[in-house]
Structure formats: C-alpha cells, structure tokens
K.L.:
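Have a look at the structure that comes next, please.
Since this is a predicted model, take the numbers as computed values, not measurements. We're numbering straight along the sequence, starting at 1.
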Amino acid sequence: MRRSLIYLVQLAVFVAVAVWLVQNPGGVRVDWLGWRLETPFAMFLLVIGIALWIAAVGWRAALATVRAPFSFWRHRSAHRHEEGYKALVQGMAAVAVGDGEEAKRLAREADRLLREPSLTRLLSAQAAALSGDAAAAARYFAALRDDKDTAFIGLVGLMRLADARGDDAHVLELAEEAYKLRPNSVQVATTRIFGLARAGRWAEAQAALYDAVKRGLIPRPEGRRHRAALLIERSRLADTQADSLDLAAKARESQPDFVPAIAAEATLLGATGRKDKARKLVADQWKLAPHPDLASVMRSLWAGETVSMLLRKIQSMVEKLPDHPESRLAVAETALDGDFWGEARAQLSALDPEDVGPRACALWARLEEGEHGNVTAARQWLERAAYAPSDPAWTCDSCGAVAAQWTATCGNCGAFDTVGWTRPPRVAVVPPALVTQDGDAVGPIVELTAEVEDNPKPPASGTASAA
C-alpha cells in the first residue's frame, strides 16, 4: 500500500511538471564556435537527462570492468568460507553421532577451505580422539592449549586423554592448570577434587571441596557426603588418637547416617575408655539401619567380656528391630561364638528364605558342624552359599567391585566416593549338585539374578537332606 501511494505521488508530480512545461514552453539558444542551437526548453531537459544517464551507465561499466578480477576472487573466497563452515558444522555433527572417520574427513576439508587452524583444531582433535588416534588428538589439544583463546578447551581435552590412559598424576596437573583459568568450571572442580582424593591428599581435597561448594559448583548435600568420606580417610591417617577421634566425629556430624563414620567413632571411643557412649552410638544407629559393621564394632567393644555377656549386649542392641535379618544374623553369630546352639538355630530358622545369603549359609554350616559334627550338611550349606542370593556388601557403583571394608576411593577403578552398601552385581552360577563329574548337566541350569524370586529357596532346617 505504501509503495502504491509513493508511485501515485511520483506520477502526479511528473504529470504536473509536464503540464507546466507545455503551458510554459520557453526556449534555449546556444551560440558556440559559430554554431547556433535553438530548442524548446523541454527538449533541452530531455537531452540533458539522457546524456547524464549514458554517462552514469558508462561509468558503472568501466568500474565493473576494472573491479571484475577483485570481485571474482572475493566471491571465490566467500564461497570457500561458506563451504568451509559447512564442513565444520557437519564435522561437529559427525562427532556428536560418533562417526570418527567422517569427522576426520570433514575436519581435513574444513581446514583446507578455511585455512584457519584456530577454527578447525577442536574438530580435528575430537575427530582424532573419536577414531582412536590418541597421539594426533594430543597434538591438536596441545596446540589449542598454547593459544590463549582456546587454552581451557585444550586443557580439558588433554585431561580426558590422560584420564582415558589412566594417568591420574597428569590429570591432576592439568586440572590444577585449568582451575587457574576457570575456577567456576564444574568439570574442572570435580576432576580436581577426585584427583586429589586418588592421590591420597585428603586435606587438600577437602579444601578444594569447600571451595567448590562455596562457589555453588557442587550441591551442599553431595558436598557433605564427600566431606564425610574425606574426613574418615583423614581420621585413619591422623597422628594421634585424639585427632583421629575428632575427625571421625566431624565425619558423623557431616553425614549422621554414615556407617563408616559411626563405626570409626565408636571404635575410637571404646579405645579411649568410653564404651558406654560408643555402645549408645552404635545402638542408636542400629535402630535406624542395622549393619554388620556395627555388630562387629559392638563385639570388639566387649571383646574382653564373656560370650554370654557379649550376647546380652548384642540382644540389647537389636531389641528395637529383633526381626530384621541383620539383627538375627548378629545374634546368631554371637551365639555360635559361645556354643549357644539353640539360640543360633532359632535365629537362623526364623530368617525368610530370600534372606538366606552366603553369610547365613556360612553360619548354618558352623552350626551343623559345631552342634552335631555333621560335616556333610556343613559342606552342603557352603556349596549353597555359592549360588544363594548375594548379601549386601561394600560395592562400587562405578565398576561393581566388592570390597571387604569401605574406602573413599574404589580399590579397583579409583573412583571417589562411589562405594556404597548394596547388593553386588550377580553372575550366572551352576549349582554344584546339578553337574556330573564329567561336566555334563543333569538338571536345569539356574541363572541367578538380582531378583530373589528366581533363586531356589534354602532349607528351613540344617539337616543334610535340606541341601
């Protein structure tokens, strides 16, 4: 609409000027070198306009002719850059979907077209790492590290390569350097903390953790859990018993339900003569979440007493949760230590079939051999332990490795604060009774999984026929 109005206005002005010139024709006379030119004024204006238009067209044609080579090279360069950026984007997409060979091809193409290594190094490095060429990836990331604009990206890439080859010392060194560039990076903060923990530099790891939590890089609940883990390790290495007890108490305060902290503090309290306080600490936690490590601490606290006294202490500890499987196992084990066969049998017999794991089978074996001297029944219980439902254990969430005791770092994969109390991963097991001496299966092979319903139920009593 607006363009139509402008066109109408221009047309009206042109018509008005034309009418005015018709009504006022006038004339122009030019005398020059003996020549005389006479023409109407309107014709004069028309000739001048045509001459100016021809001059303008000629000027533009001349400029276009002069600029043609430069325009050609500029257009060619723009096309190269367009194709180069297209290859760069497609290369990043190839990296995202895991196509290493295609990413390498596109990286070479982008580098050839753009001729700007600073733009293509990252793609080249990622493509090399994706295709398994660690040496080339390291060179590209090192080049990124040497450029102040891409130094952080280069350091992160080198960290990942070092971590992939298990060079923890180099990972920590690179993390410290990256931390100086970007202290607010979550990845760098966590890598730095975990690297210090793997190196056993617990106090430095705790300081780094405090800094990360303060900056908001690690949530406070997660930070408290990590802090408790670091404090326990520091407690184990403390120079004095008093310092060790203080650190263990701080770990428990940071994570009140943390069994390793409670067990450590209770053990140290007992060692300093405060057994009643230690017993109360263990008993209070048992009411919330029974754990075999707590039962072990309780037995160690009263190791000098008679077994009957110790049994009464264990029974007192479990009185709030007497039917819990851990309560029954704790009482049964203590009863077996004192040859209280009836109490041990009563506790083991009361276990639900799905709660009869390797620990319960081992106790049944002790009971059969100790009370009746039934070696055959004891052996059958030990055989059943091989394919019984797994007992909870200190298991790494990262690699699935099982440890006898809790540690802040996994002894198998080195991951920090991933060891938790859970059932370990299951494997397929063939019950010994279903295989002949020649190795031929004579019955169905049982594949055990984490679901206890798939496991054969253990016997209700400890007789030889139960197995």
K.L.:
If I compare all heavy atoms of Leu311 with all of Val331, which pair ends up nearest, and what's the gap?
P.N.:
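Residues Leu311 and Val331, closest heavy atoms: CD1-O, 3.9 Å.
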K.L.:
Say whether, by atom type as modelled, one donor and one acceptor occur between the side chain of Glu343 and the main chain of Ala335 under 3.5 angstrom.
P.N.:
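A pair under 3.5 Å: no.
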K.L.:
Please find the pair of heavy atoms, one from Leu144 and one from Thr150, that lie closest to each other, and give the distance.
P.N.:
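Reported closest heavy-atom pair: O-OG1, 2.8 Å.
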K.L.:
Under a 3.5 Å distance rule, please check whether Thr409 uses its side chain to pair with a backbone N or O of Arg198 as donor and acceptor.
P.N.:
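A pair under 3.5 Å: no.
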K.L.:
Roughly how far, to the nearest 0.5 Å, is the NZ atom of Lys250 from the CG atom of Leu247?
P.N.:
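One finds 6.0 Å between CG of Leu247 and NZ of Lys250.
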K.L.:
Spell out, as yes or no, whether a donor-acceptor pair under 3.5 Å connects the side chain of Thr407 to the backbone of Cys410.
P.N.:
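Checked: no pair found.
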K.L.:
Determine the interplanar angle of the Phe416 and Phe194 rings, folded into 0 to 90°, and report it as parallel if under 30°, tilted if 30 to 60°, perpendicular if over 60°.
P.N.:
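Aromatic pair Phe416/Phe194 classed tilted.
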K.L.:
Checking Ser244 side chain against Thr240 main chain: does a donor-acceptor pair fall under 3.5 Å?
P.N.:
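Checked: no pair found.
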K.L.:
If you compare all heavy atoms of Leu155 against all heavy atoms of Arg145, which two are closest, and at what distance to 0.1 Å?
P.N.:
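Result for this residue pair: CD2-NE, 3.4 Å.
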K.L.:
Whether the side chain of Ser327 engages the backbone of Asp323 through a donor-acceptor N/O pair (distance < 3.5 Å, no angle test) should be reported.
P.N.:
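Such a contact is absent between Ser327 side chain and Asp323 backbone.
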K.L.:
Can you tell if the side chain of Leu231 reaches within under 4.5 Å of the side chain of Arg227, non-hydrogen atoms only?
P.N.:
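With C-beta onward as the side chain, the pair touches.
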K.L.:
So, for Arg192 and Ala208, which heavy atoms are closest and what is the spacing to 0.1 Å?
P.N.:
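Distance-wise, the nearest heavy atoms are NH1-CB, 3.6 Å.
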K.L.:
Are Arg252 and Leu281 close enough that some pair of their side-chain heavy atoms sits under 4.5 Å apart?
P.N.:
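They are in contact (side-chain heavy atoms under 4.5 Å apart), so the answer is yes.
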K.L.:
What are the two closest heavy atoms between Pro389 and Val356, and how far apart are they?
P.N.:
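Closest pair (atom of Pro389, atom of Val356, distance): CD-O, 3.5 Å.
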K.L.:
Test your reading of the model: is there a side-chain donor-acceptor pair from His324 to the backbone of Glu326, 3.5 Å cut-off?
P.N.:
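Between the backbone of Glu326 and the side chain of His324 there is a qualifying donor-acceptor contact (under 3.5 Å).
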K.L.:
Flag the pair Leu217 / Thr190 as yes when at least one side-chain heavy-atom distance between them is below 4.5 Å, and no otherwise.
P.N.:
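Side chain of Leu217 against side chain of Thr190, heavy atoms only: no contact under 4.5 Å found.
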K.L.:
Applying side-chain hydrogen bond (donor to acceptor under 3.5 Å, both in side chains) to Tyr179 and Asn184, what does each step give before you reach the verdict?
P.N.:
CA-CA 8 Å; Tyr179 174 77; Asn184 290 324; over 6 Å; no
K.L.:
Is it the case that Lys275 places NZ or CZ above or below the six-membered ring of Trp302, under 6.0 angstrom from the centre and within 45 degrees of the axis?
P.N.:
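Yes, cation above the ring, under 6.0 Å and within 45°.
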K.L.:
Charged N to carboxylate O under 4.0 angstrom, Glu371 versus Arg366?
P.N.:
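No salt bridge links Glu371 with Arg366.
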K.L.:
Between the main-chain N or O of Ala346 and the side-chain N or O of Ser349, is there a donor-acceptor pair closer than 3.5 Å?
P.N.:
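Flag not set: sc Ser349 to bb Ala346 has no pair under 3.5 Å.
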K.L.:
Distance from Asp391 atom CG to Arg359 atom CZ, nearest 0.5 Å?
P.N.:
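So the gap between those two atoms works out to 5.5 Å.
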K.L.:
Hey, are the side chains of Pro292 and Trp421 touching, using non-hydrogen atoms and a 4.5 Å cut-off?
P.N.:
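Touching, per the 4.5 Å side-chain cut-off.
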K.L.:
Which heavy atom of Trp406 sits nearest to which heavy atom of Arg236, and what is that distance?
P.N.:
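Here Trp406 and Arg236 meet closest at O-NH2, 3.0 Å.
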K.L.:
Between CG of Leu196 and CD of Gln206, what distance do you get to the nearest 0.5 Å?
P.N.:
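These two atoms lie 12.0 Å from each other.
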